[in-house]
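Step one of this worksheet: look at the structure below.
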Amino acid sequence: MFDTLSDRLAATFKNLRGKGRLSEADIDATAREIRIALLEADVALPVVRSFIKQVKERATGTEVSQALNPAQQVIKIVNEELIGILGGETRRLRFAKTSPTVIMLAGLQGAGKTTLAGKLGLWLKGQGHSPLLVACDLQRPNAVNQLAVVAERAGVGVYAPQPGNGTGDPVQVAKDSIEHARTKQYDIVIVDTAGRLGIDEELMQQAADIRDAVSPDEILFVVDAMIGQDAVNTAEAFRDGVGFDGVVLSKLDGDARGGAALSIAQVTGKQIMFASNGEKLDDFDAFHPDRMASRILGMGDMLSLIEKAEQTFSQEEAAKMASKLASSKGKEFTLDDFLAQMEQVRKMGSISKLLGMLPGMAQMKDQINNIDERDVDRTAAIIKSMTPGERHDPTIINGSRRARIAKGSGVEVSAVKSLVERFFEARKMMSRMAQGGGMPGMPGIPGMGGGPGRQKKQQKQAKGKRKSGNPMKRKAEEAAAAARREQAQQGGAFGLPAGQPGEDFELPDEFKKFMG
């Protein structure tokens, strides 16, 4: 959703790099480009004005003028101000002191409330809670049935005593659901309310009546992130008519310009709490302003990636795989293990989305978007067409076996040969990393720069190098060596050139624990 904004900001910051000092004209030009980028992204005008004012005030102050790298300091300021307009701190759900906690969903028809009720239920279930979905949308055709199907897919309870389709009292259903939750030992009640195509008096009255009947601990306003500035107007109307405690952005994976997400927290004074970014029930997570700002500026989202990995991979399985790879040249690591690892990664979500969370990947956006997710399925089909013996020892796969495997998996013989070759290469590289050898071509980084043998070889080469006896030539060699050292020191994080966004950023405390 923020691709266009990210591209414009990246182009703006690129013009700043390499400048040892920023003039007032440089800052004005940068502020103008950022203003245009935000307006093109459909961010509300008052929010843009406030944002640009803050950036200019800080950029003309001492924190930039006295900085060693002014361009990076400006990027840091923009990052911090983006976090501010997105809400600042991450807002957590408030739970009732005595069960059940009541969460009411409100919003217009088509915003995705019913699907989001299932996503929120699944997310809370993963947090160790026992949620109950309540069908209070009794007007939209088949809304009750839809909620029942969503609840079944999420594996959570549903309370739907009325058939809906224009009949039944939603206020009474909401009121009765609280006692039902207490009886059946549900600790969270999620009330799905009706919506309209637009704001009207009847919608507001019904929402207010349900609110008064159940006294919710949290009222979440669900807004379609793709409807632009109208999302902000609708949010203001709901805030004044019914009131809400937090915002949930749905359809964040769409191709709209994303201005609503950047405007809504600042305009309404209510923070974005959750974001839905896909069609699957698990495409849903808590909204972190700092992580979203990092994504917009092309610095990735490593914390979310690590959390996904922790939820998917068990430490026991990871230790078992590591021991197999650390064995003699990793030969104990088989195609069965490779398939298991691939399926675990697939559980984390779309490959392109996972790659998009890595720092610096914004520069490879086109390649990432062209990734064919079905390649994983084709690879799995090839491996599953092999016999147990072939998976354990792929070296026995000859021409006739390749033909049989290709026929069984519906691919060309060349695809089978390519897979086996890639497996051997991947196993060799992972084994080297597991044994502390590191990845080839990446010396100088702990755990990534070659094993003891490589280091000794480099030391031997360094010792064997002789200095020239010609003073002029020796001086030129020393100058070239100094230039190479300076260039190496200026290199950015993750292999990016110096001056990339985020190079001077200090790791958050919650990230440092993963690096220990």
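Atoms considered below: every heavy atom in the structure, side chains included; atoms not considered: hydrogens, waters and symmetry mates. For reference, positions follow the sequence shown, starting with 1. Treat the numbers as computed from the prediction; the structure is a model and nothing was measured.
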I want to check something: taking the side chain as every heavy atom from C-beta on, are [X] and [Y] in contact at a cut-off of under 4.5 Å?
X: Leu419; Y: Thr379; answer: yes
X: Pro161; Y: Asp176; answer: no
X: Leu116; Y: Leu220; answer: no
X: Asp187; Y: Thr101; answer: no
X: Gln146; Y: Thr115; answer: yes
X: Val248; Y: Leu120; answer: no
X: Asp336; Y: His392; answer: no
X: Gln162; Y: Gln172; answer: no

For [Y], does its backbone N or O pair with a side-chain atom of [X] as donor and acceptor, under 3.5 Å?
X: Ser418; Y: Ala415; value: no
X: Asp245; Y: Ile219; value: yes
X: Arg140; Y: Gln109; value: no
X: Arg35; Y: Val48; value: no
X: Lys113; Y: Leu108; value: yes
X: Lys125; Y: Val156; value: no
X: Asp337; Y: Thr334; value: yes
X: Ser385; Y: Ala381; value: yes
X: Asn145; Y: Asn142; value: no
X: Thr193; Y: Ala207; value: no

Between Phe238 and Phe244, is the ring centre distance below 6.0 Å?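 No, the ring of Phe238 stays outside the 6.0 Å limit from the ring of Phe244, centre to centre.
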
What pair of heavy atoms forms the shortest contact from [X] to [Y], and how long is it?
X: Ala154; Y: Leu281; answer: N-CD1, 3.7 Å
X: Val222; Y: Ala111; answer: O-CB, 3.7 Å
X: Leu132; Y: Ser177; answer: CD2-O, 4.2 Å
X: Ala174; Y: Val214; answer: O-CG1, 3.3 Å
X: Thr114; Y: Ala143; answer: CG2-O, 4.4 Å
X: Gly107; Y: Phe221; answer: CA-CE1, 3.8 Å

For a quick check under 3.5 Å, do Thr90 and His288 share a side-chain donor-acceptor pair by atom type?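 Result is yes, a qualifying pair exists.
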
Could you tell me the separation between the [atom1] atom of [X] and the [atom2] atom of [Y], rounded to the nearest 0.5 Å?
X: His180; Y: Tyr186; atom1: NE2; atom2: OH; result: 5.5 Å
X: Ile188; Y: His129; atom1: CD1; atom2: NE2; result: 4.5 Å
X: Glu390; Y: Leu335; atom1: CD; atom2: CG; result: 9.5 Å
X: Lys76; Y: Arg58; atom1: NZ; atom2: CZ; result: 7.5 Å
X: Lys175; Y: Asp212; atom1: NZ; atom2: CG; result: 10.0 Å

So if I apply the side chain to side chain contact (heavy atoms under 4.5 Å, CB included) rule between Leu138 and each of Asp169, Val144, Asn165, which one comes out positive?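 Exactly one candidate clears the test, Val144.
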
Given Val191, which partner from the list Leu105, Ile210, Leu133 fulfils the side chain to side chain contact (heavy atoms under 4.5 Å, CB included) test?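 Among Leu105, Ile210, Leu133, the one meeting side chain to side chain contact (heavy atoms under 4.5 Å, CB included) with Val191 is Ile210.
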
Between Phe274 and Phe284, how do the two ring planes meet: parallel, tilted or perpendicular, split at 30° and 60°?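 Taking Phe284 first and then Phe274, their aromatic rings lie parallel (interplane angle under 30°).
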
Salt bridge or not between Arg94 and Asp217? Use side-chain N to carboxylate O under 4.0 Å.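 Answer for the salt bridge query: no.
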
Do the side chains of Arg182 and Glu179 get close enough for a salt bridge, i.e. N-O under 4.0 angstrom?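 The answer is yes: the pair qualifies as a salt bridge.
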
Are there over 12 heavy-atom neighbours, none belonging to Gln185, within less than 6.0 Å of that residue's CD?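 Atom CD in Gln185 is not crowded, with 12 or fewer foreign heavy atoms closer than 6.0 Å.
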
